[in-house]
There are 2 protein chains.
Amino acid sequence: MESRCENCIIRQFNALRAMNKDELKKVSDSKVFKKVKKGEALFEEGEKLDGVFCVRNGVSKLSKLSANGKDQIVKLASKGEVMGQRSVIAEELTNLSAVAISDMEVCFIPKEIISDTLNTNPNFAVEVLRHMAHDLKEADDVIVNMSQKTVKQRMAEAFLYLKNNYGEDDDGFLSLTLSREDYANVVGTATESCIRIISDFKKNGFIKTSGKKIGVIEERKLLDLVEGF
Amino acid sequence: MESRCENCIIRQFNALRAMNKDELKKVSDSKVFKKVKKGEALFEEGEKLDGVFCVRNGVSKLSKLSANGKDQIVKLASKGEVMGQRSVIAEELTNLSAVAISDMEVCFIPKEIISDTLNTNPNFAVEVLRHMAHDLKEADDVIVNMSQKTVKQRMAEAFLYLKNNYGEDDDGFLSLTLSREDYANVVGTATESCIRIISDFKKNGFIKTSGKKIGVIEERKLLDLVEGF
DNA sequence: AGCAAAACCTGACAATTATCATTTTATGTA
DNA sequence: TACATAAAATGATAATTGTCAGGTTTTGCT
């Protein structure tokens, strides 16, 4: 279960791949393996983080509380992704909360190792930079979507995103199950509006539901919607 | 006019401050000084950038075209800021267009120097990382604003932002003048809606206008609006 | 100065989305 | 299994925002 970072495949997906053997050894010796149950928080907005979390399994939502009391989900983090690096690097309190959407396994890595390696191994720094650059681009895309697309379009996009990134089970339902409220918080709308759109998509045969599970039936139709038809 | 980077104060505001003398010398020798007139583009979405732009003077809007043909302004870049680094680092085409909002003076710095320095000087890499981390946080904030605040609140925020970041002239008008359309594209709304809100604010005495110039009168009232009162 | 083009503004209306109230359904637990 | 609780669903209505169509003013240019 708990194993050595040197042999961990997960890190191939993140910036830790750019660490050398010695650095990895240090990480391995000081990392803390953690299980997090669905619904539990890894950290809360405004906290001071003493390290980063490398996701081995499961999915976490990264969200920010808005003035009107609603959570806006800014990003979903899953296998291979590192959470908390932004605030460790900027040496600031976290601007986001992280709550597990499914049961998770994560490794906590103390920030000293991260910053030491950043300061001495340019390859690592550049690799982290590349990942952050990617995140920034995605954030820009989200901004444009939020302001220029309708709620319906964003809902359609959300379903397609979940299908493409987390796949579906044998019965054709999305593997990652979000509550209606979470969907609303991803899309940035009221829960009722979100539910109404789900009903609407279902009535049109674009999706199917079973309890809280949702399955994409007409991917093409959803895509058309997103494109504006 | 055109001078040596070694003596340039501007770089104190950006990651170039972490370069050593040799590196700065190289930058200085290869940089190209450029004047850009208001309305001219520095680069367009989808272009391949061969370097970054360090802003000496003036302001540029960074925007992204949405599917429905509207430009969403994602960020304003002004004195001291570096544009294009994201795409140079990620080695991707730019995801944004940069167009001058006022007359500008910029220095173009070839990407080779940037990436060489990133790969050899960890201080520089970390400094760039820090700036990018900051940008990412700001982007998160924008996402939350877009989805959770009303157009009116976002407009109020925009005026306060411009006042606090670019100041006002002797007559109390914002130093940075945006067209109504630009305001709409910052806030993510239709130009007509934007104009209506300006009229409304004016009627309420929160702001004043003179041609396209806008001045903040009741900062407190605008703040209250943003906070949700 | 005079003219064309662009930017700004307003009204009327339609579409989208939020809110509140209530019902129905699912879920976990004793 | 039954009960309490939370989640999902729906209706009615109001508020917000977008669209279209037409004005007026400003601006840049010859």
Side-chain angles (χ1 to χ4, degrees), chain A residues 37-40 66-72 99 101-103 145-156 158 173-174 177-204 207-215 225-226 228-229, chain B residues 37-40 66-72 99 101-103 145-156 158 173 177-204 207-214 225-226 228-229:
Chain A
K37 287 233 181 65
K38 178 176 170 173
E40 283 179 9
S66 74
N68 61 31
K70 271 191 193 161
D71 248 2
Q72 174 66 37
V99 173
I101 290 189
S102 62
D103 290 349
N145 280 345
M146 283 295 172
S147 64
Q148 308 283 7
K149 292 200 173 137
T150 65
V151 175
K152 202 174 265 193
Q153 289 176 309
R154 282 178 271 148
M155 286 291 299
F173 290 103
L174 295 172
T177 300
L178 298 188
S179 70
R180 305 299 198 246
E181 192 182 1
D182 278 341
Y183 272 112
N185 292 345
V186 165
V187 158
T189 189
T191 306
E192 296 94 325
S193 301
C194 164
I195 290 174
R196 262 180 249 276
I197 288 171
I198 290 176
S199 302
D200 182 68
F201 282 179
K202 203 171 142 185
K203 205 178 304 170
N204 282 297
I207 62 174
K208 61 183 176 182
T209 71
S210 165
K212 37 193 342 168
K213 282 190 297 181
I214 288 178
L225 238 172
V226 173
F229 298 114
Chain B
K37 287 234 181 64
K38 178 176 169 173
E40 282 179 8
S66 74
N68 61 33
K70 272 192 192 159
D71 247 0
Q72 175 65 36
V99 173
I101 289 188
S102 61
D103 290 349
N145 279 345
M146 282 295 172
S147 63
Q148 309 283 7
K149 293 200 172 135
T150 63
V151 175
K152 203 175 266 193
Q153 290 176 310
R154 282 179 271 149
M155 285 291 298
F173 290 103
T177 300
L178 299 188
S179 70
R180 305 300 197 247
E181 192 182 1
D182 278 341
Y183 273 112
N185 292 345
V186 165
V187 159
T189 189
T191 306
E192 295 94 327
S193 301
C194 165
I195 289 174
R196 261 180 251 276
I197 287 171
I198 289 176
S199 303
D200 182 68
F201 282 178
K202 204 171 142 185
K203 206 178 303 170
N204 282 297
I207 63 172
K208 60 183 175 181
T209 70
S210 165
K212 35 193 345 168
K213 282 190 297 183
I214 288 178
L225 239 172
V226 174
F229 299 115

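Since this is a predicted model, take the numbers as computed values, not measurements.
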Take A:Gln72 and B:Ser147 through the test side chain to side chain donor-acceptor pair (under 3.5 Å) and record every step on the way to the result. CA-CA 8 Å; A:Gln72 174 66 37; B:Ser147 63; 2.7 Å; yes

Looking at the base of D:dT25, is there any donor atom on it, or on the side chain of B:Arg180, that sits under 3.5 Å from an acceptor on the other one? no

Would you state whether a donor and an acceptor, one from the side chain of B:Arg196 and one from the base of D:dG18, lie under 3.5 Å apart? no

Would you indicate what A:Lys149 reaches in the nucleic acid, counting non-hydrogen atoms under 4.0 angstrom: base, sugar-phosphate, or nothing? nothing

What is the nucleic acid contact for A:Thr191, judged by heavy atoms within less than 4.0 Å: base, sugar-phosphate only, or nothing? nothing

As a test of reading the structure: which of [options] is closest to the side chain of [X], going by heavy atoms?
{"X": "A:Ile195", "options": "D:dT19, D:dT10, C:dA18", "result": "D:dT10"}
{"X": "A:Glu192", "options": "C:dA18, C:dC8, C:dT19", "result": "C:dT19"}
{"X": "A:Ser179", "options": "D:dA8, D:dT19, C:dC8", "result": "D:dA8"}

Please check if the number of heavy atoms outside B:Lys152 that lie under 6.0 Å from its NZ is greater than 12. no

Taking only the side-chain nitrogens and oxygens of [X], find out if one of them lies under 4.0 Å from OP1 or OP2 of [N].
{"X": "B:Ser193", "N": "D:dG18", "answer": "yes"}
{"X": "A:Lys212", "N": "D:dA8", "answer": "yes"}
{"X": "A:Lys70", "N": "C:dT19", "answer": "yes"}

What do the steps show when you test B:Lys202 against B:Thr209 for side chain to side chain donor-acceptor pair (under 3.5 Å), and what is the final call? CA-CA 7 Å; B:Lys202 204 171 142 185; B:Thr209 70; 2.9 Å; yes

For B:Gly211 and A:Cys194, find the nucleotide of DNA chain C closest to each by heavy atoms; which residue's nucleotide sits nearer the 5' end? B:Gly211

